[in-house]
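A short worksheet on the structure shown next.
Since this is a predicted model, take the numbers as computed values, not measurements.
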Amino acid sequence: MPQSILIDHSQKEFPEFLYMTLDSNSYTQTIFKNDIDIFSYRLYIPKGIRSHSSGTSVPLVIMLHGCDQTPEEFAEETQMNELAEKENFIVLYPEMNNLADWFIFRSLLFNPYLFYFLTPLQIRWLRDYVRLHGPVLKKNVLQSYPGLLNWVSQYIKMYPFFSDYYEELNSTDCWNWFFDENQHRDKGQPQIIIEIIDQAKSFLEDEYHILIDEKKTYAAGFSAGAAMTAILGATYPDRFHKIAICAGVPYNAAKPRNRNDLKNIFQDAASVMETGVEDPYECGDKAFEEMEKGFEKAGKRTLPVLILQGTDDSIVRRVNGDQVFIQWAQTNFRIEGGQGRVPTSFSHPVQAHENGRDYKEYIYKDKNGYPLVQLRVIEGLEHKWSGGNVEGSYTDPHGPKATEHIWRFFNEKTPSL
């Protein structure tokens with residue numbers, strides 16, 4: 001087994017829930033300039049696939065967690081691994097953890113109390129130095145102590161005098177959808193996620209002789225992970241067959257700003273989550289323009305999208321669900337050759353009831369009548385994963401089971417454009 005692959009023995013119910021790190025040697029120069037941190041991820045391989053792998057290709061679901069979540073928590077709360085056991089598909093959980101990426105070295109190499117006496121400028125200098133020289137050390141530390149990353153993160157959050165640096169480093173570990181650099185193909189975090197997928201695919205083939213079905217590669221996310229999922233759909237339409245967005249925002253919701261203007265960047269993000277974007281149709285056009293880069297390699301095709309949104313979400317307000325629906329309807333409308341604004345309607349929704357909650361379904365159909373973009377607005381749902389684990393911090397056990405809805409949507413046959 002390659003040295004970068006670790007089995008997380010704490011997940012006793014999931015003996016093949018693997019802890020992996022993205023080898024820094026696989027970074028392209030663009031990524032290396034913008035984000036030198038080594039990203040980690042988890043890979044879940046169902047027993048049925050491991051015991052019967054014979055070169056047959058299998059589906060792959062990419063799951064992007066929300067803010068203040070770990071891949072382990074996201075897996076447990078959504079129960080996606082249990083569904084993967086039943087349906088035989090691989091699940092990949094990339095991890096966003098900026099805070100611990102550089103603070104881990106401070107805790108290991110220095111007395112943390114020393115930082116009481118350092119100026120902000122000195123701390124930033126030290127951070128930059130660690131970012132430049134730390135990847136190899138971090139990789140070795142994580143191989144020896146795979147549980148240390150989360151411990152360090154929790155330890156540091158206990159100390160309020162680091163609050164200014166939390167904000168700078170995105171302390172809640174949100175995928176950085178609000179940076180413009182992460183809105184484009186072959187740049188930033190979208191490219192890192194693609195690198196993770198490619199490394200995981202190579203590992204599966206080399207170690208287990210498992211092949212991933214290129215036409216059955218999907219992405220789903222919650223909150224900030226949902227926003228990044230929308231970005232993946234726009235930046236890499238040639239890599240993802242369908243996407244699912246749970247409590248997310250439209251593509252191109254981030255305003256182009258200088259990356260150092262963090263205060264206004266975060267204010268812009270908060271404003272979007274509260275009141276939505278100025279023009280979701282324009283966001284749809286921007287997504288179409290970005291997708292054309294991917295179409296050059298794989299040909300033009302529409303992208304089916306499932307959207308789940310709660311009416312009582314106080315973090316990502318209901319308006320965002322409507323706007324994500326409009327954005328992807330507009331994007332697919334343009335892909336099919338439409339001009340101007342897509343005709344959409346929020347009248348006469350399909351009414352349904354499941355697991356203790358009502359929900360309304362809005363559908364945008366392509367020119368052949370296929371339900372290309374589907375929005376399910378769930379009554380009474382807060383900022384949580386619908387129908388998830390009863391003990392989860394970001395789950396509601398009531399309402400339609402989002403995990404099952406997403407997989408049914410992914411598994412449905414899609415007519416080609």
- Can you find a pair of side-chain heavy atoms, one from Val91 and one from Asn81, that are under 4.5 Å apart? yes
- Between the side chain of Thr403 and the main-chain N/O of Met80, is any donor-acceptor distance below 3.5 Å? no
- Note on the structure: Val58 and Asn88 have their tightest heavy-atom pair at CB-O, 4.5 Å
- So His353 and Asp358, side chain to side chain donor-acceptor pair (under 3.5 Å) or not? Walk me through it. CA-CA 4 Å; His353 181 88; Asp358 295 326; 2.6 Å; yes
- Between Phe222 and Cys246, is any pair of side-chain heavy atoms under 4.5 Å apart? yes
- For the side chain to side chain contact (heavy atoms under 4.5 Å, CB included) test, which of Ile363, Ile307, Leu306 pairs with Val373? Ile307
- Side chain proximity check, Ser57 to Ile212, heavy atoms < 4.5 angstrom: no
- Task: Verify the distance criterion only: is there a donor paired with an acceptor across the side chains of Asp285 and Gln330 at less than 3.5 Å?
- Result: yes
- Judged by atom type as modelled, is there a donor-acceptor pair below 3.5 Å linking the side chain of Thr395 to the main-chain atoms of Glu391? no
- Query: Once the angle between the rings of Trp385 and Phe74 is folded into 0 to 90°, is it parallel (under 30°), tilted (30 to 60°) or perpendicular (over 60°)?
  - Reply: perpendicular
- Task: Supply the atom-to-atom distance Glu404 CD to Gln79 CD, rounded to the nearest 0.5 angstrom.
- Result: 9.0 Å
- Task: Inspect the contact between Lys187 and Glu181 and indicate whether a charged nitrogen and a carboxylate oxygen are less than 4.0 angstrom apart.
- Result: no
- Electrostatic pair Arg341:Asp279 at N-O distance under 4.0 angstrom: yes
- Query: Do Glu85 and Tyr44 have side-chain atoms, one donor and one acceptor, less than 3.5 Å apart?
  - Reply: yes
- Query: So, for Asn332 and Leu303, which heavy atoms are closest and what is the spacing to 0.1 Å?
  - Reply: OD1-N, 2.8 Å
- Side chains of Asn264 and Asp261, donor plus acceptor under 3.5 Å: yes
- Can any side-chain N or O of Gln69 pair as donor or acceptor with the backbone N or O of Gly66 at less than 3.5 Å? yes
- Closest non-hydrogen atom pair, Asn320 against Gly276: OD1-CA, 3.9 Å
- CZ-NZ distance between Phe179 and Lys255, expressed to the nearest 0.5 angstrom: 15.5 Å
- Note on the structure: Separation between CD1 (Ile90) and CG (Leu211), nearest 0.5 Å, reads 10.5 Å
- Item | Nearest atoms (heavy-atom pairs only) where Tyr370 meets Lys413 | CE1-O, 3.7 Å
- So, Lys401 versus Ser386: side-chain donor-acceptor pair below 3.5 Å or not? no
- Quick check, are the ring centers of Phe266 and Phe178 under 6.0 angstrom apart? yes
- Task: Establish, yes or no, whether the cationic atom of Lys242 lies under 6.0 Å from the six-membered ring centre of Phe409 and within 45° of the ring axis.
- Result: yes
- Note on the structure: For Val324 and Gly248, the nearest pair of non-hydrogen atoms, with its separation, is CG2-O, 3.8 Å
- Task: Report the distance from atom CG of Asp313 to atom CG of Leu308, rounding to the nearest 0.5 Å.
- Result: 12.0 Å
- Message: Under a 3.5 Å distance rule, please check whether Asn176 uses its side chain to pair with a backbone N or O of Cys174 as donor and acceptor.
- Response: yes
- Task: Just jot down the side chain to side chain contact (heavy atoms under 4.5 Å, CB included) partners of Pro237, sequence neighbours excluded, or say none.
- Result: Arg185, Met291, Phe295
- Message: So does Glu77 get a backbone contact from the side chain of Asn389, meaning a donor-acceptor N/O pair under 3.5 Å?
- Response: no
- Message: Working note: Tyr394 + Ile315, criterion side chain to side chain contact (heavy atoms under 4.5 Å, CB included); need CA distance, chi angles, decisive distance, verdict.
- Response: CA-CA 12 Å; Tyr394 291 97; Ile315 305 298; over 6 Å; no
- Query: Counting distance only, does the side-chain N/O of Glu205 pair as donor-acceptor with the main-chain N or O of Ser202 below 3.5 Å?
  - Reply: no
- Item | Lys360 NZ: over 12 foreign heavy atoms closer than 6.0 Å | no
- Test item: Asp366 side-chain N/O and Pro371 main-chain N/O as donor-acceptor pair under 3.5 Å: no
- Query: Quick one: are Thr302 and Glu336 in side-chain contact, heavy atoms under 4.5 Å?
  - Reply: yes
- Would you mind checking if Asp322 and Arg318 are paired as a salt bridge, meaning a charged N to carboxylate O distance below 4.0 Å? yes
- Query: Could you walk me through whether His241 and Glu214 pass the side chain to side chain donor-acceptor pair (under 3.5 Å) check?
  - Reply: CA-CA 8 Å; His241 190 63; Glu214 299 293 342; over 6 Å; no
- Query: Are any non-hydrogen side-chain atoms of Ile378 and Pro400 less than 4.5 angstrom apart?
  - Reply: yes
- Item | Any pair counted as ring pair (Phe, Tyr, Trp, His ring centres under 6.0 Å), so long as it reaches residues 309-329, sequence neighbours left out | Phe325-Phe346
- Item | Lys/Arg-Asp/Glu bridge criterion (N-O < 4.0 Å) met for Glu379, Arg357 | no
- Item | Check ion pair Arg239-Asp198 (N to O, under 4.0 angstrom) | yes
- Note: Arg257-Asp268 ion pair, threshold 4.0 Å (strictly below): yes
- Item | Under 3.5 Å donor-acceptor, Gln189 side chain and Trp177 backbone | no
- Hey, is NZ on Lys286 packed in by over 12 heavy atoms from elsewhere, all under 6.0 Å? no
- Side chains of Leu60 and Phe89: closer than 4.5 Å at any heavy-atom pair? no
- Message: With a 3.5 Å distance limit and no angle check, can you tell me whether Gln323 reaches the backbone of Val277 through a side-chain donor-acceptor pair?
- Response: yes
- Item | CD (Glu292) with more than 12 external heavy atoms under 6.0 Å | yes
- Task: Grab the two heavy atoms, one from Ala254 and one from Gln183, that are nearest each other, plus how far apart they are.
- Result: CB-NE2, 3.8 Å
- Side-chain H-bond candidate by donor/acceptor type, Tyr236 with Gln191, under 3.5 Å: no
- Walk me through it: do Gln199 and Ile196 pass the test side chain to side chain contact (heavy atoms under 4.5 Å, CB included)? CA-CA 5 Å; Gln199 179 174 303; Ile196 286 174; 5.9 Å; no
- Task: Please check if the distance between the ring centroids of Phe410 and Tyr218 is under 6.0 Å.
- Result: yes
- Item | Short side-chain to backbone donor-acceptor contact, Ser345 and Ser347, under 3.5 Å | yes
- Message: Measuring only between side-chain heavy atoms, which start at C-beta, is Thr229 closer than 4.5 Å to Trp175?
- Response: no
- Message: Less than 4.5 Å apart, side chain to side chain, heavy atoms only: is that true for Gln339 and Phe333?
- Response: no
- Query: Would you say the side-chain atoms of Gln327 and Thr331 include a donor-acceptor pair closer than 3.5 Å?
  - Reply: yes
- Item | Salt-bridge present (Lys293, Glu296; N to O < 4.0 Å) | no
- Message: Testing the 3.5 Å rule here: is there a donor-acceptor pair between the side chains of Ser314 and His383?
- Response: no
- Derivation of the side chain to side chain donor-acceptor pair (under 3.5 Å) call for Glu95 and His65: CA-CA 7 Å; Glu95 179 178 27; His65 63 78; 5.8 Å; no
